[in-house]
Amino acid sequence: MNRSRQGDQLFRELCRDIGADRVHRDGASQLLYSRDGSAFPGGIPGVVCFPETTQHVVDCIKAANRHDRSFVPRGAGTGLAGGAVPCDAPLVISTTKMNSILEVNYEKRFAWVEPGVVNLDLTKSLTGTGFHFAPDPSSQQSCTIGGNVANNSGGPHCLAYGVTNAHILAIEVVLPDGTLVELGDVDGHASGYDLRGVFVGGEGTLGIATRIAVKLTPDPPEICTLLLDFMDVADAAKTVSAIIASGIVPAAIEMMDKRIVNVVEEFVKVGYPTDAAAVLIIEVDGLPKGVKIEVERIQSISLEHGARSVRVASSDEEREQIWKGRKSAFGAVAQIQPGYYLHDTVIPRTKLVEVLEAVYEIANRYELIVMNVFHAGDGNLHPLLVFDPQVPGIMERVLAAGEEIVQVSLDAGGVLSGEHGIGLEKKRFMEKLFSEEDLAAQKLLKDAFDPDGRANPFKVLPSGASCGEVNHLNQLPDGAWV
Amino acid sequence: MGMNDLEDFRESVGESGPVAVVGGRTHWTVGGNPTDDTRLVSAPVGIDSFDPSEMTVSVKAGTTLKDLNEELSRYRQEVCLEGSSETTVGGALMIGTDGIRRNLIGSVRETLLQAEYVDAKGKLIKAGGPTVKNVTGYDLCRLLVGSLGTLGLVGRVILRTRPQSEKSVWLQGGLQPEEARHVCFQPSSLLWNGKETFIQLEGYGIDVDSEVLKLKNLGYEEMGTKCPISIPRFRHKFVNGMCLDGGIVDVYSSILYKSTEAAEPQHSNEVVRLGNKVRTMFDPSGRLNPGRDPYRAGP
Ligand SMILES: Cc1cc2nc3c(=O)[nH]c(=O)nc-3n(C[C@H](O)[C@H](O)[C@H](O)COP(=O)(O)OP(=O)(O)OC[C@H]3O[C@@H](n4cnc5c(N)ncnc54)[C@H](O)[C@@H]3O)c2cc1C
Ligand SMILES: Cc1cc2nc3c(=O)[nH]c(=O)nc-3n(C[C@H](O)[C@H](O)[C@H](O)COP(=O)(O)OP(=O)(O)OC[C@H]3O[C@@H](n4cnc5c(N)ncnc54)[C@H](O)[C@@H]3O)c2cc1C
């Protein structure tokens with residue numbers, strides 16, 4: 001049977017199994033689901049499915065198995081590493097319609113949610129209960145808990161509270177052969193191998209999450225937000241290291257350099273000092289007296305390290321203003337240039353000064369504009385290369401500069417990604433960090449979950465045929481924002 | 001000890017024959033005993049590097065927790081691992097159970113950032129990475145914690161450290177767990193013996209003092225810095241309404257500590273099948289810690 005007749009049969013079976021209104025293969029859906037938040041043009045999905053129950057997901061995966069097709073789990077599609085990009089006409093299985101909060105248990109501090117629940121919706125639903133879900137990616141208005149789990153996402157407040165993995169207690173997963181398993185347990189100490197722990201961050205290559213037990217974190221009694229400004233980026237970076245070295249782990253330490261501050265200020269007017277070389281947003285929380293102590297210490301450390309001024313938010317409104325600027329950064333950038341490439345590497349936080357200098361030097365050398373807005377407290381850099389994709393030859397420069405940024409991060413003892421994952425984007429760099437044997441060991445895990453290589457193929461590990469061979473993935477398309 | 005420790009360790013593990021690492025032997029029987037023909041080797045010892053301002057430490061797996069914590073406490077830091085004076089870093093990670101302070105300091109699983117281990121073929125493998133935040137590839141460190149040495153034998157690790165609390169104090173009083181858990185913000189431990197609750201508070205002295213005052217007004221008594229009750233060694237899953245039978249409940253994590261061993265835990269067949277598949281992939285000939293089974297270990 002040829003591929004298209006096979007496809008017809010698969011489509012009919014899916015319509016029969018999960019209902020025709022949940023199965024799409026029209027041109028518009030195929031185009032819409034051909035890419036994610038990254039630049040990768042991707043392929044064309046075979047069929048796009050919108051399951052509403054775990055059984056639907058099982059049915060989709062079983063259909064994929066019957067027809068020897070691969071499948072790609074998908075949330076809101078905000079991923080920046082190409083994780084949700086379909087490569088070989090797979091079933092795209094979107095869990096966005098599985099978006100109910102199923103159970104909230106305040107006593108035991110967990111909630112069972114479906115994977116399509118939007119991160120911010122979960123946060124909003126918990127407001128006023130005394131608890132919250134700690135991971136707060138900057139994309140939280142649209143990204144889903146399923147995507148957060150698959151990418152082990154972070155956010156400003158993950159410095160003290162930990163990234164997504166620390167907040168996931170249990171996951172119901174449909175494995176690539178259609179078997180249903182529950183990994184972990186709500187008490188957070190199931191015995192046996194920690195398969196929950198490896199599923200988180202598995203980038204959709206180990207199966208599909210259909211229910212997730214998240215941990216509820218008690219709201220701190222006191223929160224204080226500071227805005228510090230510096231006339232020298234290096235002073236800001238040194239301040240970050242000095243704060244951590246003093247034994248304080250704030251809830252968040254975010255850095256924004258002059259260029260991004262100016263773009264943001266133009267866009268939202270939140271009162272950032274536009275003449276500063278860099279600002280730090282620092283938040284501390286906890287019991288009131290400890291918060292006061294930490295605020296005082298941070299003030300004096302930063303003044304010792306060259307801060308020009310330290311503003312302590314005196315009201316909730318002021319606090320929200322300070323955060324609003326940070327959270328609008330990506331939206332603001334999109335206003336000024338049609339293209340940007342957001343990088344994501346982690347370096348030891350004591351190396352911030354030298355690596356930031358190198359990043360500026362690289363951008364200058366390639367005649368590119370770089371803006372830095374990032375999670376400084378845990379050394380998670382996000383150099384943002386901003387450009388006009390219409391300029392001839394610019395893509396080559398953007399990619400070459402990006403590659404050098406990755407290299408200086410690795411040379412400083414860092415890693416390839418702090419929160420966006422490897423996906424398609426960074427596969428080709430994996431060998432820079434891991435030996436062939438290290439990668440083979442990672443492949444063992446993938447093979448145990450997915451012996452037929454059906455779940456989100458071509459992602460994470462560099463081995464085997466690459467999606468790039470199918471789709472010219474190293475080329476950024478015109479007008480893309482990355 | 002020199003740079004060759006890891007290489008020596010790799011050689012001692014070799015490429016064939018049943019083998020296991022012996023640590024402090026404090027939890028040797030967890031998950032079953034290794035078969036009689038299992039060769040026992042030791043992991044290398046020593047702290048490689050500790051940068052207090054990075055809050056990470058690189059340490060060889062045979063180092064005792066006591067030695068590690070002694071070094072870290074010179075800079076008022078600690079790792080989230082607990083044990084007795086013989087406990088090794090590798091052993092604590094391979095057992096992987098959280099201590100009673102989990103509510104404050106987090107889980108052992110969050111502690112391991114990078115591991116260098118010898119695999120079943122006798123090769124040295126690196127998993128994870130040195131930075132505090134990292135999503136580069138599959139996180140095999142997650143898999144190693146709690147694996148009882150059945151997937152690889154660990155030679156060296158990088159661990160996350162945390163600042164020690166300025167003050168720590170235990171209180172004992174009459175509130176029942178469901179009331180006691182709401183009185184203070186984030187106590188580090190909350191234990192219950194069926195009659196009274198025992199609360200450990202940590203943080204800045206000035207905050208701890210005001211929380212202590214709250215509890216004293218509810219009839220609690222200050223008991224000093226050491227846990228006022230002894231905690232039996234065997235961990236059972238606690239379910240509300242269960243008979244404590246002389247045991248102690250860790251309220252936040254629903255663990256009942258008793259002096260008698262727990263019955264073998266129940267797992268779904270599908271989960272065990274998947275876990276065993278992982279094990280077979282990592283160790284096809286079954287030479288690493290044969291006889292031990294993480295699915296037979298308690299919670
Ligand atoms: C403006 C902007 C800001 C961002 N800021 C941050 C940030 O601060 N921190 C951060 O960590 N990330 C950030 N991101 C990246 C992205 O938002 C996160 O990775 C997010 O978690 C992805 O969620 P999603 O629902 O969009 O997933 P998608 O992009 O749809 O998918 C991401 C991956 O998850 C898999 N997946 C999705 N659902 C499931 C499921 N149910 N089961 C199994 N696998 C699944 C997919 O296969 C894919 O590999 C940002 C992105 C943008 C566009
Ligand atoms: C008073 C007390 C309190 C405790 N509290 C806590 C607590 O709060 N939190 C906690 O986590 N634990 C706690 N424990 C458990 C303690 O951490 C264990 O002693 C430890 O887990 C075992 O370490 P060990 O060196 O004695 O290992 P052993 O008993 O020698 O070995 C245990 C297992 O680990 C394997 N193993 C050991 N080293 C390696 C290695 N390098 N590579 C591969 N496999 C290896 C062994 O083969 C064996 O399967 C407590 C123990 C005591 C006595």
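Keep in mind that what you see is a predicted model, and the values were worked out from it rather than measured. So that the names make sense, note that chain A is the first sequence line, chain B the second, and so on, each numbered from 1.
Side-chain atoms of S191(A) come within 3.5 Å of backbone N or O of A297(B) as a donor-acceptor pair. A donor-acceptor pair under 3.5 Å links the side-chain atoms of D207(B) to the main chain of G290(A), judged by distance alone. Judged purely by atom type and a 3.5 angstrom limit, R142(B) has no side-chain atom pairing as donor or acceptor with the backbone of V198(A). Not one N or O on the side chain of E419(A) forms a donor-acceptor pair closer than 3.5 Å with the backbone of V135(B). Listed for the N134(B) side chain is no donor-acceptor partner under 3.5 Å among the backbone atoms of G418(A).
Ranked by heavy-atom pairs shorter than 4.5 Å toward chain A, the options K123(B), R102(B), Q77(B), R76(B) are led by R102(B). If you tally non-hydrogen atom pairs under 4.5 Å between each of D344(A), N151(A), L206(A) and chain B, the highest count goes to L206(A). When each of D51(B), L140(B), V208(B) is checked for heavy-atom pairs under 4.5 Å with chain A, L140(B) comes out on top. The residue among R297(A), H420(A), K426(A) with the most heavy atom pairs within less than 4.5 Å of chain B is R297(A). Comparing T280(B), I255(B), D293(B) by heavy-atom pairs within less than 4.5 Å of chain A, the highest count is held by I255(B). If you tally non-hydrogen atom pairs under 4.5 Å between each of D187(A), L416(A), V181(A) and chain B, the highest count goes to D187(A). Per-residue counts of heavy-atom pairs under 4.5 Å with chain B were compared for P218(A), G421(A), A166(A); the largest is that of A166(A). When each of K351(A), E294(A), E182(A), K292(A) is checked for heavy-atom pairs under 4.5 Å with chain B, E294(A) comes out on top.
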**Message:** Before you tell me yes or no, could you show the steps for Y204(B) and L287(A) under side chain to side chain contact (heavy atoms under 4.5 Å, CB included), namely the whole-Å CA-CA distance, both residues' side-chain angles and the distance that decides it to 0.1 Å?
**Reply:** CA-CA 9 Å; Y204(B) 286 104; L287(A) 289 164; over 6 Å; no
**Request:** Could you please spell out the steps behind the side chain to side chain contact (heavy atoms under 4.5 Å, CB included) verdict for T131(B) and I347(A)?
**Result:** CA-CA 7 Å; T131(B) 55; I347(A) 55 165; 5.8 Å; no
**Asked** Which is it for E203(A) and Y138(B) under the side-chain hydrogen bond (donor to acceptor under 3.5 Å, both in side chains) test, yes or no, and what are the steps along the way?
**Response** CA-CA 9 Å; E203(A) 302 197 31; Y138(B) 297 113; over 6 Å; no
**Request:** Would you please test D447(A) and K277(B) for salt bridge (charged side-chain N to carboxylate O under 4.0 Å, His left out) and show each step?
**Result:** CA-CA 9 Å; D447(A) 288 347; K277(B) 226 153 80 183; over 6 Å; no
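Within the 4.5 angstrom heavy-atom criterion, atoms from both the backbone and the side chain of A441(A) approach chain B. Contacts of V460(A) with chain B are made by side-chain atoms alone, with heavy-atom separations under 4.5 Å and no backbone atom involved. Only the side chain of V163(A) has a heavy atom closer than 4.5 Å to any heavy atom of chain B. Contacts between F429(A) and chain B at a heavy-atom distance below 4.5 Å are absent for every atom of the residue. Neither the backbone nor the side chain of Y75(B) comes within contact range of chain A; no heavy atoms are under 4.5 Å apart. When heavy atoms are compared at a cutoff of 4.5 Å, D209(B) does not approach chain A at all. Contact of S107(B) with chain A is not made at all, since no heavy-atom distance falls under 4.5 Å. Both the backbone and the side chain of Y295(B) have a heavy atom closer than 4.5 Å to some heavy atom of chain A. For H375(A), the part lying near chain B is the side chain, with the backbone staying farther off; criterion is any non-hydrogen pair under 4.5 Å. Proximity to chain A involves both the backbone and the side chain of E54(B), based on heavy atoms less than 4.5 angstrom apart. For E166(B), the part lying under 4.5 angstrom from a heavy atom of chain A is the side chain only. Interface remark: L444(A) contributes backbone and side-chain atoms alike to the contact with chain B (heavy atom separation under 4.5 Å). For a residue to count as touching a neighbouring chain, one of its non-hydrogen atoms must lie under 4.5 Å from one of that chain's; by this rule V132(B) touches chain A with the side chain only. Only the side chain of D98(B) comes within less than 4.5 Å of a heavy atom in chain A; its backbone stays farther off.
Identified by a heavy-atom distance below 4.5 Å to chain B, the contributing residues of residues 168-179 of chain A are L175(A), T179(A), in residue-number order. Using a 4.5 Å heavy-atom cut-off against chain B, the contacting residues of residues 237-254 of chain A are S241(A), I244(A), A245(A), G247(A), I248(A), V249(A).
The line from OG of S435(A) to CG of L124(B) is 9.0 Å long, rounded to the nearest 0.5 Å. With rounding to the nearest 0.5 angstrom, the OG1 atom of T136(B) is 4.5 Å from the CD1 atom of I422(A). Rounding to the nearest 0.5 angstrom, the gap separating the OG1 atom in T345(A) from the NZ atom in K133(B) is 11.0 Å. S254(B) OG to H189(A) NE2: the interatomic distance, rounded to the nearest 0.5 Å, is 6.0 Å. A distance of 11.0 Å separates CG of L183(A) from CD of E270(B), quoted to the nearest 0.5 Å.
Salt bridge status for D185(A) with K237(B): present, with a side-chain N to carboxylate O gap under 4.0 Å.
Few gaps surround CD on E107(A); more than 12 heavy atoms of other groups in view lie less than 6.0 Å from it.
Looking at heavy atoms from C-beta onward, L195(A) lies in side-chain contact with V278(B) at the 4.5 angstrom threshold. Residues D194(A) and R109(B) meet the side-chain proximity criterion, which asks for heavy atoms closer than 4.5 Å. Inter-residue side-chain proximity for L445(A) and M281(B) is flagged as unmet; no heavy-atom pair is nearer than 4.5 Å. With a 4.5 Å cut-off on side-chain heavy atoms, E437(A) and K121(B) do not count as touching.
Here the options are T150(B), L148(B), L144(B), the test is side chain to side chain contact (heavy atoms under 4.5 Å, CB included), and the partner is Y193(A); only T150(B) passes.
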